[in-house]
2 protein chains.
Amino acid sequence: MVVTAKDVARAAGVSQATVSYVINANPNQRISEPTRRRVLDAAAALGYAPSAAARALRLGTSDAVLLVLPNIPFGHTVAHIIEQLTDDLEAIGLTLVTRRIREPGQALNAVRQLRPIAVIDVAALTEAEHDEIRRSGIPISSSVLAPTSDVGALTVPQDTIGQLQVEHLAARGHRVLGYAAPQDDRVSEFLRLRLEGVREACLDLGLAQPVVVPVELSADAGAAAVRAWQDGSEPITAICAYNDDVAFALLAGMHRLGLSAPDDFAVIGVDNVPLGALASPPLTTIDQNVELLAARIAAYVQFLLGNGPEPVSNGEDTLTLVVRESA
Amino acid sequence: MVVTAKDVARAAGVSQATVSYVINANPNQRISEPTRRRVLDAAAALGYAPSAAARALRLGTSDAVLLVLPNIPFGHTVAHIIEQLTDDLEAIGLTLVTRRIREPGQALNAVRQLRPIAVIDVAALTEAEHDEIRRSGIPISSSVLAPTSDVGALTVPQDTIGQLQVEHLAARGHRVLGYAAPQDDRVSEFLRLRLEGVREACLDLGLAQPVVVPVELSADAGAAAVRAWQDGSEPITAICAYNDDVAFALLAGMHRLGLSAPDDFAVIGVDNVPLGALASPPLTTIDQNVELLAARIAAYVQFLLGNGPEPVSNGEDTLTLVVRESA
DNA sequence: TTGTACGCGTTATCAT
DNA sequence: ATGATAACGCGTACAA
């Protein structure tokens with residue numbers, strides 16, 4: 001029922017080892033063209049493909065790349081990363097496996113079971129865990145979307161996101177900003193870092209510190225937040241939203257109050273979700289260029305495999321402002 | 001560096017076999033409580049976890065569940081399925097592996113490499129491939145989101161989606177409908193089936209056949225489509241959109257033309273994307289209840305593993321109308 | 001080109 | 001009653 005290398009060897013009239021050499025095009029072995037053909041034909045005829053398990057057992061490492069996620073909501077950006085990374089890794093014969101960490105220690109366990117060839121951490125692991133994984137011989141990548149930007153090569157600096165938002169609004173003449181913060185505790189670290197970037201940029205550019213208001217994902221909440229900014233003592237004219245979802249809530253709330261962006265309040269989001277272009281007005285936002293990030297992660301893994309040059313590290317250059325009409 | 005069962009055995013002063021019995025709580029072997037404790041303590045102290053590869057090799061099947069996708073864009077619904085399924089499977093010790101099929105044959109190859117415990121097909125495989133996989137001893141599930149609903153237990157009937165849209169619009173008094181079709185060839189099969197459901201429902205309810213207009217995902221395209229319906233000879237009052245993304249394009253187009261739903265045209269989407277509630281007006285749509293679908297798939301896999309009762313099959317009951325204001 | 005040892009967890013068989 | 005021994009599965013790499 002299940003075809004093994006032994007079956008192919010028998011069918012081709014060669015040894016198992018020869019089958020392995022042919023299948024893997026082992027450069028250290030010269031197999032004559034006729035034998036090569038016989039093996040390949042037999043393999044095709046029988047429908048043979050090497051068992052990933054046997055390979056992994058022998059090699060000591062699997063074809064898996066482990067993507068470790070914290071328990072955050074699975075928004076457009078994360079989904080897009082997974083999509084891109086799955087494709088990019090598949091193209092080089094690797095398999096993406098995602099694990100969402102809910103309890104500490106889960107990640108280490110997954111690593112020990114899977115023996116992945118690399119671990120990509122999206123802000124789910126502690127430094128101690130990183131060390132532990134590296135010590136176990138797995139070349140772990142640095143933390144994508146890492147809280148701190150000091151760990152390595154593949155970080156998306158969250159503070160820069162906030163800075164870019166403020167810079168754009170300041171360039172448009174806004175002087176007093178609001179900040180729309182999500183309520184979800186699971187993203188509080190991302191929020192903290194983005195807000196930090198906003199605060200720094202305000203300081204640098206001589207703006208007042210932002211008036212932070214929590215916003216849930218509903219038109220009601222959006223309207224309430226807008227009223228809060230209106231009723232406050234500060235003359236707020238523009239709002240940085242934590243992400244596009246929050247920005248949508250603000251736009252919906254403004255619509256309900258008979259207000260509109262950018263005249264009553266300018267609104268800028270983060271993520272460049274596809275629907276942002278279809279909002280009324282179309283949403284100005286910060287794009288994270290997930291395709292490029294995924295490609296760089298894949299290149300990094302290639303490098304770890306010894307099949308590529310030292311890859312470029314990821315940083316601010318994947319972040320770009322997308323100007324539409326809302327700000 | 002890497003901890004094996006042998007290390008644990010040595011540390012606990014027992015044999016490798018005993019370690020295996022304890023770790024897997026093998027019911028055919030009775031291990032005394034003291035030894036059990038020693039083994040467990042040693043395993044914890046050393047940070048032992050069984051190698052997935054060795055396990056898979058020995059058992060002949062891995063912990064992987066293979067989700068096979070066609071080369072379709074990775075929208076909210078697919079992303080959500082992947083998210084839910086990843087979590088649900090992880091909860092029962094299984095690993096979701098996703099493969100996107102671009103060339104015929106890729107799926108079979110992946111199956112032979114991975115030896116997954118189950119294969120979930122999202123409309124990417126032929127019947128011949130299903131048979132081939134089943135013949136190789138893997139209990140393949142039926143096709144989720146299958147073009148045809150005759151293959152098995154876990155189908156999302158696309159035609160019913162169209163029917164539900166029409167039934168709602170008809171109940172609101174609409175008699176002549178437009179249908180907004182996406183341009184992407186990769187979803188043409190889904191489009192065909194949904195449209196088929198729309199046509200049948202129109203027939204059943206005595207409505208005119210829908211006026212189908214292609215719509216790309218931009219406000220321009222949405223406006224053009226709306227004008228096409230306005231300029232046509234039919235007195236169209238409501239529009240079924242292929243999905244919520246298309247519906248957003250229509251709403252954006254209408255907004256640009258100074259029109260609004262539901263008064264000028266009622267609009268109903270499909271998918272219940274989170275941002276639908278924040279559209280202006282909030283989007284009426286068909287929810288696919290992806291959580292339940294994922295749970296049923298997981299239950300089905302459990303059943304395949306012999307750890308659960310015959311699971312319920314998926315069908316129309318996961319589809320529900322979500323009435324908001326756009327229709 | 002081939003023979004063969006190896007990696008590691010599982011389980012049937014055997015020993016105490 | 002408890003636990004140990006050993007065979008097994010399959011692809012890889014080194015020595016022959």
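Note on naming: letters A, B, ... go to the chains in the order of the sequence lines (proteins, then strands), and numbering restarts at 1 for each one.
- Here B/N109 contributes atom CG and B/I101 contributes atom CD1; the two are 9.5 Å apart, rounded to the nearest 0.5 Å.
- Picking from D/dG11, D/dG3, C/dG9 the nucleotide with the shortest atom distance to the side chain of A/R55 gives D/dG11.
- The residues B/R296 and B/D88 are annotated as not salt-bridged, no charged nitrogen and carboxylate oxygen being separated by less than 4.0 angstrom.
- Residue A/A5 is classed as a sugar-phosphate contact, given heavy-atom separations below 4.0 Å to backbone atoms only.
- Side chain to side chain, B/S136 and B/R115 fail the donor-acceptor criterion of an N or O pair below 3.5 Å.
- Spacing between atom CD1 of B/I31 and atom P of C/dT10 amounts to 14 Å, rounded to whole angstrom units.
- Look at CZ on B/R10: it is 15 Å from C1' on C/dG9, rounded to the nearest Å.
- Between B/G13 and B/A54, the residue anchored nearer the 5' end of DNA chain D, judged by the nucleotide with its closest heavy atom, is B/G13.
- Checking the phosphate oxygens (OP1, OP2) of D/dT12, a side-chain nitrogen or oxygen of A/N24 falls inside 4.0 Å.
- Each of B/Y21 and B/Y48 lies near DNA chain C, and the nucleotide nearest B/Y48 is the one positioned closer to the 5' end.
- As rounded to whole Å, 13 Å separates atom P of D/dT2 from atom CZ of B/R38.
- Between C/dC8, D/dG11, D/dA4, one nucleotide has an atom nearer to the side chain of B/V14 than all others, and that is D/dA4.
- Rounding to whole angstrom units, NZ of residue B/K6 and C1' of D/dA4 are separated by 14 Å.
- Both A/V2 and B/T18 lie near DNA chain D, and the one whose nearest nucleotide falls closer to the 5' end is B/T18.
- The nearest whole Å value for the distance from the CZ atom in A/R115 to the P atom in C/dG9 is 7 Å.
- Residue contacts for A/R58: at a heavy-atom cut-off of 4.0 Å it reaches a base atom on one of the strands shown.
- Whole-Å rounding puts the A/Q113 CD to C/dG9 P distance at 11 Å.
- One finds the CG atom of B/L96 at 5.0 Å from the CG atom of B/L85 (value rounded to the nearest 0.5 Å).
- The closest side-chain donor-acceptor pair between A/D271 and A/T77 falls under 3.5 angstrom.
- Closest to the side chain of A/T4, out of D/dT5, C/dT2, D/dC10, is D/dC10.
- If you measure from atom CG of A/L57 to atom C1' of C/dG7, you get 5 Å, rounded to the nearest angstrom.
- The side chain of A/A17 has C/dT4 as its nearest neighbour among C/dT4, C/dT11, D/dT2.
- Between A/S20 and the phosphate of D/dT12, there is a side-chain N or O to OP1/OP2 separation shorter than 4.0 Å.
- To the nearest 0.5 Å, the span separating CD on A/E291 from OG1 on A/T318 amounts to 11.0 Å.
- Closest contact between the side chain of A/T35 and the listed nucleotides C/dT1, C/dC8, D/dA4 involves C/dT1.
- The CZ atom of A/R112 sits 17 Å away from the C1' atom of C/dC8 (whole-angstrom rounding).
- Picking from C/dG7, C/dG9, D/dA13 the nucleotide with the shortest atom distance to the side chain of A/L59 gives D/dA13.
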